[in-house]
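No hydrogens, no waters, no symmetry mates; every other heavy atom, side chains included, goes into these values. By convention in this document, chain letters (A, B, ...) are assigned in the order of the sequence lines, proteins followed by strands, and residues within each chain are numbered from 1.
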Amino acid sequence: MSEKYDFNKVEKKWQDYWYSNHIFEVKEDPSKPKFYALIEFPYPSGAGLHVGHIRAFSSMEVIARKKRLEGYNVLFPIGYDAFGLPTENYAMATKQHPRKVTDENIAKFTGQLKEVGYSFDWSRVVDTTDPDYYKWTQWIFLQLFKKGLAYKATTTVNFCPKCKVVLANEESQGGVCDRCGSEVVQKEKDVWFLRIRNYAERLLKGLEKVNFPERIKTEQQNWIGRSEGADVTFTVRFDGGEYPLVVYTTRPDTIFGATFLVVSPEHPLLKEHFDKVVNKAEIEEYQRQAKLKKEFDRIQVNKDKTGIKVEGMYAVNPITGTEIPVFTADYVMMDYGTGAIMAVPAHDQRDWDFAKKFSLPIIEVIKSDVDVQQEPYCAKEGAGVMVNSDFLNGLKVKPAIKKMIEYMEAKGVGKAKVDYKMKDWAFNRQRYWGEPIPIINCPHCGQVPVPENELPLRLPDLKDFTPTDDGTSPLSKCTDWVNTVCPVCGAPAKRETDTMPQWAGSSWYFLRYESPRDPDHAVNPDANRYWGQVDWYNGGMEHVTRHLIYSRFWNQFLYDIGVVKDEEPYIRRSAQGLILGSDGEKMSKSRGNVVNPDDVVKQYGADVLRLFILFIGDYEKPAPWSQEGIKGCNRFRQRFWGLVDMVSDKADTSDLNLDALIKKVGDDYEACKFNTAIAQIMTALNTVYARGSLTKKEFNTLCLLLYPVAPHITSEMYERLNGGAKIDRASFPTYDPAKLTADTVEIPVQLMGKLRGRVTVAAGATEADVLAAAKEAGLIGDQEIVKTIYVPDKILNVVVRR
RNA sequence: GCCGAAGUGGUGGAAUGGCAGACGCGGCGGACUCAAAAUCCGCUGAGGGAUGACCUCGUGCGGGUUCAAGUCCCGCCUUCGGCACCA
């Protein structure tokens, strides 16, 4: 009898072996096929590794270990997304430098990850806060700038008065700051933007050729929000003048029902021709009110419509020539479409609400059962027939849209246009702990890029990096750094003091992994030629619409300028579900239901933690932690260890189909069905225990199948029974497709679709054989058989006359 | 409002249209033990039957297609996620 399994000793032994012998470090090797497995690199927070990380990383860990056994040259890198607010806030609170905090956190994460036994290539670690890394983040920004894809504009922004930072819309949802929960206010600000909208169509198109789950594609499509419509030019007339006013509509067919026109309070019409407006004071007051409102209030659905008629102006419908009134209302947004709409109250809820409130006419242009004076008929696309619409009458909606656009284009009053909900990417933050934006503001030359040979533009070593009250970056306090000379004309100039958002560094890190130390390229061309795209990327659903789109955008841009060879960065993407507390709620400190992976490793070891996190349930769905469930995996490991003493030449192998087991486990791993893969191995283990012995071949197969999940114990077991051989040098077992079915099969027999019993027959038995066997077993009487359905080796169903 | 995913025992969850509940947890009973823990063995959807090898019911609800439906179709309910005064 072998000694009891000592997980502490064994796990330490194998981790030492892996890491000190650099087993998982890889080089380009044209003799082997490559496989690039990627996990989202963690943000090294002070809290350390979370069980959510374990679930997120373990899928690619299994795939990486399996692919290596299958002969692939596997790139499985790790790094740290280390710029960001929590570190900076913690550093301020504890009066330390963020650099020090970051280094400590990274060291902590590294230690924890190694204790779990992950097979990362530790020679390729990247850290987004390392100047050798952010040098290239800045370089990519400069390429974007040079191509006109980075620009500065004044807009109102969401500002968090507590964090003293400008927030993107997605970081201030519900009108509160993502980070601290404070109420967000609106503020005028110069903001850097990246023109991601220029890539909207390609980001959509690219989804057709990648293997992402449908839900991820759908979320990205919604985020991009493509809509087909038309720009239609109305003429605004006022005392002594005319002004072309372009509205955007997805329903140009309904223009005969347009009874008024609405412009956003920020619309240029109300600036450029404001002197023609009769009720100036009233409108100015409304504009002031709109500005005060936070984004949150303004986009509240179903709230009362407000607005003011623009007196002294009216608009001419370019199709009918009819004059209609012009309003300004805050339900029209300046940053979508053209900031102006033609209102068709009969067929749009918002326009209808507004028309009712201001007693405006409602003209039906799509026939329906509803009385549009009582409620709008908001037909889904394609439903209904045009009425009251002159030459469109009798047409269905779709052909009517087509005909109207053709008509407008011929008349020169409108043209087809595709628009996107996605906005340009606000690309700056007023914080210290981020990549400095490498731009110099010269009074003569304007925005001048920092020369590339001066990159990295390092963060100055500030003592006080608390944000300023007026919302400018703490870097502005460092005058030595801010004051410089213009690289073009030599005049005194000032550096840009904003830093990049946290999404910057993570938008291209997967490319840096391919040549992490190359001093001359962001991505080494030879390395990129070999490693190419990420074959499989796993991460969280929460990053699907930001990180995943941003990084696809950067990759497409880098493709356009010839830096990388592939247009899409990721071939396949999967997403793990959340690990919940044992109470079924999201883990959080305040609920006190947080599980620390360190504690689990201490108590049960890494293999049990890895087993449990993968066995817990459907990988893509949320699953609650269970302290009892962990015990079950510990039991399984003990039983698995017991196999060491059960190997025998005389074992009867007839009850275990190894080929089928290999296929099932291998296929399940590839499909992220780790729970059923492990269940299959458990079943096989139960079979072996029931018989009391197993062959050497069975032993090695079971070890190899479980190795990707539980590498420590399987490495030890394999070594012991194979004369010191290392399992990581072995090959993943293969199966013979001809042997997947057993010699005899048990066929369920149904009568009228209801189970009557089972008969055992030789595999491949004919319908007549099975029917005869069923009759002999008394499962079928002597009723008249109308019909039989036989699925070979699967089922027999007999239909009889009643 | 629009889009998407999901609803299965006490519980986490399995089931290319073909034996519903694999595997695990928990529970019950037994073995070992002075005893407990650990371990091992057996049982464990509900109801009925003589507690048996038998029958009936059963995958959110109501219909339908099919020899056969957790799975496909139609109509609902509930939960979760995404987008959202998006023209």
Under 3.5 Å, sequence neighbours excluded: what are the donor-acceptor pairs made by side chains of residues 745-756 of chain A?
none

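Residues satisfying the ring-ring contact (aromatic ring centres under 6.0 Å, His included) test with Phe260(A), not counting sequence neighbours, are Phe327(A), Phe354(A). Listed by chain and residue number, Lys631(A) satisfy the salt bridge (charged side-chain N to carboxylate O under 4.0 Å, His left out) test with Glu628(A) (two or more places apart in sequence, or in another chain). Considering only residues two or more places apart in sequence or on other chains, Arg573(A) meets the salt bridge (charged side-chain N to carboxylate O under 4.0 Å, His left out) condition with Glu40(A). Take Asp793(A) and apply the salt bridge (charged side-chain N to carboxylate O under 4.0 Å, His left out) test, not counting sequence neighbours, and it matches no residue. Remark: Arg552(A) engages Glu568(A) in a salt bridge (charged side-chain N to carboxylate O under 4.0 Å, His left out) (not counting sequence neighbours).
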Whenever both distances are under 3.5 Å in a Watson-Crick or G-U wobble pair, mark it; put RNA chain B into dot-bracket that way, with [ ] for crossing pairs and | when the partner is on another strand. (((((((..(((.....[....)))((((((.......))))))((((.....))))..(((((..]....))))))))))))....
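Atom P of G62(B) sits at a distance of 14 Å from the matching atom of G70(B), rounded to the whole Å. Between A15(B) and C54(B), the two P atoms lie 28 Å apart (nearest whole Å). Rounded to a whole angstrom, the distance from the P atom of G48(B) to that of C43(B) is 22 Å. G42(B) and U56(B) have their C1' atoms separated by 27 Å, with the value rounded to a whole Å. With C1' as the reference atom, G45(B) and U8(B) are 10 Å apart, rounded to whole Å. The gap from the C1' atom of G9(B) to that of U44(B) amounts to 10 Å, rounded to the nearest Å.
In this model, a side-chain donor or acceptor of Lys305(A) finds a partner on the base of C85(B) within 3.5 Å.
Pairing each heavy atom of Thr306(A) with each of Ala329(A), the nearest pair is O-CB, 3.2 Å. The two residues Leu207(A) and Leu203(A) have their closest heavy-atom pair at CG-O, 3.5 Å.
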What N/O pairs connect the protein and nucleotides 39-47 of chain B at under 3.5 Å? Give each pair on its own line.
from: U39(B); atom 1: OP1; to: Arg635(A); atom 2: NE; distance (Å): 3.4
from: C40(B); atom 1: OP1; to: Arg639(A); atom 2: NH1; distance (Å): 3.4

Got a list of protein N/O to nucleotides 7-12 of chain B N/O distances below 3.5 Å?
from: G12(B); atom 1: O2'; to: Ile616(A); atom 2: O; distance (Å): 2.7

For nucleotides 16-19 of chain B, list the nitrogen or oxygen atoms of the protein found under 3.5 Å from its nitrogen or oxygen atoms, one pair per line.
from: C19(B); atom 1: O2; to: Arg758(A); atom 2: NE; distance (Å): 2.5
from: C19(B); atom 1: O2; to: Arg758(A); atom 2: NH2; distance (Å): 2.4
from: C19(B); atom 1: N3; to: Arg758(A); atom 2: NE; distance (Å): 3.4

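In this structure, U51(B) shows a glycosidic angle within 90 degrees of zero, which is the syn conformation.
Counting any heavy atom pair closer than 4.0 Å across all strands shown, Gly225(A) reaches no nucleic acid atom. At the heavy-atom level, Asp351(A) lies nowhere under 4.0 Å from the strands shown.
In this structure, the side chain of Asp419(A) does not engage the main chain of Ser227(A) through any donor-acceptor pair within 3.5 Å. Counting only distance, with no hydrogens or angles, the side chain of Thr676(A) and the backbone of Lys673(A) share a donor-acceptor pair below 3.5 Å.
If you check residues 675-686 of chain A against RNA chain B, the residues with a heavy atom closer than 4.0 Å are Asn675(A), Thr676(A), Ala679(A), Met682(A), Thr683(A), Asn686(A), listed by number.
The salt bridge (Lys or Arg N to Asp or Glu O under 4.0 Å) analysis of residues 219-231 of chain A, with sequence neighbours excluded, yields the pairs Glu201(A)-Arg226(A), Arg226(A)-Glu228(A), Asp231(A)-Lys417(A).
Close to A87(B), at under 4.0 Å from its OP1 or OP2, lies a side-chain N or O of Tyr336(A). For the pair Thr218(A) and G82(B), the criterion of a side-chain N or O lying under 4.0 Å from OP1 or OP2 is not met.
Tyr689(A) carries Arg639(A) over the face of its six-membered ring, with the cationic atom under 6.0 Å from the centre and within 45° of the normal.
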